[in-house]
Every structure is written in structure tokens, then in C-alpha cells.
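First the structure, in the form of C-alpha cells, and then the observations on it.
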2 protein chains.
Amino acid sequence: MTAGRTARDRVRAEITREIKEAARARLAESGAHALSLRAVARDLGMVSSALYRYFPSRDDLLTALIIDAYDALGARVEQAAASGAPRVRWHAACAAVRAWAREHPHEYALVYGSPVPGYEAPQTTIPSASRVPLTLIAIVRDAPELTPTPAPPLPPDLAAQAARTTALVAPDLPDDVMVRVAAAWAHLYGLIGFELFGHLANTFDPADALFAWTVETMADTLGLP
Amino acid sequence: MTAGRTARDRVRAEITREIKEAARARLAESGAHALSLRAVARDLGMVSSALYRYFPSRDDLLTALIIDAYDALGARVEQAAASGAPRVRWHAACAAVRAWAREHPHEYALVYGSPVPGYEAPQTTIPSASRVPLTLIAIVRDAPELTPTPAPPLPPDLAAQAARTTALVAPDLPDDVMVRVAAAWAHLYGLIGFELFGHLANTFDPADALFAWTVETMADTLGLP
DNA sequence: ACAAAAACGAGAGCACTGCTCTTGCCGGAA
DNA sequence: TTCCGGCAAGAGCAGTGCTCTCGTTTTTGT
């Protein structure tokens, strides 16, 4: 995507990249609510109006940063979960999400915290946002055999939703396993959110032990070998 | 706290209440990032500078709204979980959190989403913020007998954190049960966050079935009768 | 009961924001 | 060579959080 044909296209891609980089730097130290187009422009020695040639609005800049964050997190998790026994991959993937979140708290808050603008979720973010859950699903799908713990049977509507979802991403996955993965993914997200946003203060903070134990119980629930 | 001694104290409390009410109205329809002190002042027919007699900054107004939101949610959950068999109370409490979150999405995002300001968590919010987790703990503590599912043993540091926490809130609770409640609370938070912030779109949305099933498995994990 | 002190609402003003519009400039295509 | 489109710059608009000052009103201490 950076391969522009003409020289002008190439410098445009380059400047776009620099803008995002500067914005990411400001985001990392001040948070999304304090990300100002004018400040970013000043950091780059431009005037603020020039920025609008590259991003039609502040929200569009944020959307670009959101996609980049999803992709950075997704790549990190995919790499962490690339090989090994299923349970090892599971731990590695979960630990990678947490590690990235702790290293980039403001970017994590941008994508997984409360939606910043009047909230819209542009369709363009979906592929990037799906990378982490798809990785988790792949770990379970690739497991040779699962020995999950007993659980309540799925009511018909839940089974239908699970079937619709598996049809899209992992056709051979049993419905109840799909539901368990979704629940585990929400659990992981909840745990990291609690830690990152300070809801574990004075109780289970630092959260390393609680995190490791919970991830292990998730693997048990899924029946990963 | 509204019982001021002098007439001035009483009108001050009344105006403070009106300001919070107007701010909450704006919050409910526009979100925290669009909450403007000047707009609130206009709604009340005041000039913006007059508002600073009641709240020293915008963040202080938000903090007041956060405490109110914690208390509203806490009261709702406490009432929902007031009586019945432990498992019934558990379902009622979880459903109450979700219902309140769906009815007041922006307020929920304010307290449980990414921290809006440069993030500080004033000590004054702690008692209000603790009401929901304390209610969940009380349900488990009040259960006559628990038959939890097998789980990995607690590593020493996790057991120590759990012991420290139980000593504060439920001295007679076994450590591993405390850890399970904490994990369940994070799970609940994660599930609601996913639903509210649109991360279940096109998969498990509407989330009623996934929510009910997951809450049931949490009750199983805790061994609630 | 009266004066000092504190609290209050209104207004002007500062520095900042997102965003628009206009004005020139300069490089690549016809 | 002459256009024309993308570009940076600047001015400007409406809005923001917040501070300060200035009269007025209410409470408090003597």
C-alpha cells in the first residue's frame, strides 16, 4: 500500500506515515482525548490546515490509528501463537495480548476502551480487529483433540449464533467450542481491562498471578491438550 | 448530605444537584467527550464561570458523575441480589449489571470504559465502586455450601493476594473462592464491555443468549447451589 | 445591630481546539 | 510551454476550559 506509482504518491504516503507516527507518539503519552491535530502539525513543522490534505478530520486520523493498533496487536499475537502445543500457544497468545496492552495502554484503550467519537465502527476496521479472535479460534481448531469440562447445553438461539459464526471462520468447529472461545475471549478482555484501568487496585494488582491462573482455567475449560 | 444548615447551603446543594442532573442528561445523549461545561451552564441559564463555584474543573464534574453512576449501579445490583437462592441471586445480580449498562451506556462507559482524563482514580470513588463486587462476594459468602468445579491450585503469591483481599471484605471466604469471584467479575465486565462497545457485532449480537449461558457457567464454576 | 468577611453571578478575556476558505506556489502531464 | 491538480500557508469562525475582576448578596463575628 505504500508503493505509490508517481513520486508525488510516494511522498504522500511517506507524509501520511509521519503524521500517524507523530500522532501515535502524542497518543502514547497523553491519551486519545488530548490528541490535538494542531499539536501533531506543530511537531511536524506543518500548519494545521495542511494536515487536512491527509486526513479529512480528527476522527479519521483516530480511525487510522485504531486500524494500525489492531494490526500491531494482531501481528504480535499471531507471532506469539505461531507454534507449539495447543495449551502453550494459548498461554502465549493471551500473554501477548496482555503484554501489548501494558506496553501501549493508550492505544489499547483506544481500540478496546469506550469508543471515543459518537461511536461508529467503520467496516474497514473489521479485518484488523478480527485478527486476535481468529488467532484464538485457530489455536482451538488446530488442537488434535479437546477434552472440555462439562458445561450447560446450548439453548437453540445460542447454538444458531455459534453455527453462523463458525460457518464464517472455522466451519469444522463444534458450536459449543465456539461459544467457549467467545466466552474466553471476553474473559481475557475483561481481565486486561480491569488491570489496565485500575479496577484491581489494592486487591489483585499486580495481576500477573491472577492472569496466569485464569488463563490456565480457560485452557481447562476449552479442554486444550 | 443534602441537609445544609443555612439557607445558602441548601440552595448550594440544590444547584449542585441541578448541575449534575443537566450534565447527566448531556452525557446520556452525547457521551463524555462531548460534555461541555458551557453547554451545561447554558442549559441552566447560568454563565459558564458561575459553574466553577460548584465544580473546580470539568474533571471534577466528571468525577462527581462517576461516583453517582457507581452508586446508581451499585444500588440497582444490591436490590436485584437481595434475596433468593444463591444461584438465583447470582443471575439477578449479573443481569442487573447488564441491564443498567444497556440503559445507561454512556455512564457505564464513563466508569468502566477507558478513564477519560489523564487518569486518576480519586480515593472517594472507591466505596461506591466497590458496591457491585462486594455484592457478588456476598452472594458467594452467603451460600450455605459450595460445590465448585476442579481448578488449578493457587500459586503462593496469588493465594497471598486473595488472603489479603478476603481479610478486608469477607474474612471467612476460602482463598480459591475469592479468586474465582474475581475472575467471574472480570468475565462479567468483559462480556458487557464486548456487547456495549460493539465487539460482538455479526457474531453473538444480540448477546442475551451468550450472556445467560456464560453467567450459568460462572455459577457452576463457583459451585453455587 | 452593625461591620467585616465570605460566597456568589456576571462579564471580559486568554490560550487553545477542530475545521473552512482563500491565496499563492510548484511539479508533472498534455 | 502551458495548463492543471495537489500542496502548504495563513486568516478566520465558532467553540472550549479556565482565570480574573467587579459589584451584589448573604452569612458571620463582635
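Order of the sequence lines fixes the chain letters, A, B, ..., with proteins taken first and strands second; residue numbering starts at 1 for each chain. This structure is a prediction, so every number in the text was calculated from the model and none was measured.
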Going by atom types alone, do A/S57 and A/D60 pair a side-chain donor with an acceptor below 3.5 Å?
yes

Does the plane of the ring in A/W185 sit parallel, tilted or perpendicular to the ring in A/Y112? Use 30° and 60° as the thresholds.
perpendicular

Give me the first and last nucleotide of DNA chain D, going 5' to 3', that has any atom under 4.0 Å from a heavy atom of chain B.
D/dT16 to D/dT28

Given protein heavy atoms under 4.0 Å, the one-letter contact record of nucleotides 6-17 of chain C, with B base, S sugar-phosphate only and - none, is simply -BBBBB-B---B

Could you tell me whether the side chains of A/H106 and A/E29 share a donor-acceptor contact shorter than 3.5 Å?
no

Verify side chain to side chain contact (heavy atoms under 4.5 Å, CB included) between B/L37 and B/F55, making sure each step is shown before the conclusion.
CA-CA 10 Å; B/L37 280 191; B/F55 296 94; over 6 Å; no

Would A/R17 and A/D68 satisfy salt bridge (charged side-chain N to carboxylate O under 4.0 Å, His left out), going step by step from the backbone distance to the final call?
CA-CA 11 Å; A/R17 206 186 52 78; A/D68 283 4; over 6 Å; no

Side-chain heavy-atom pair B/P206, A/Q161 within 4.5 angstrom cut-off
yes

Cation-pi between A/R131 and A/Y70: NZ/CZ under 6.0 Å from ring centre and within 45° of the ring axis?
no

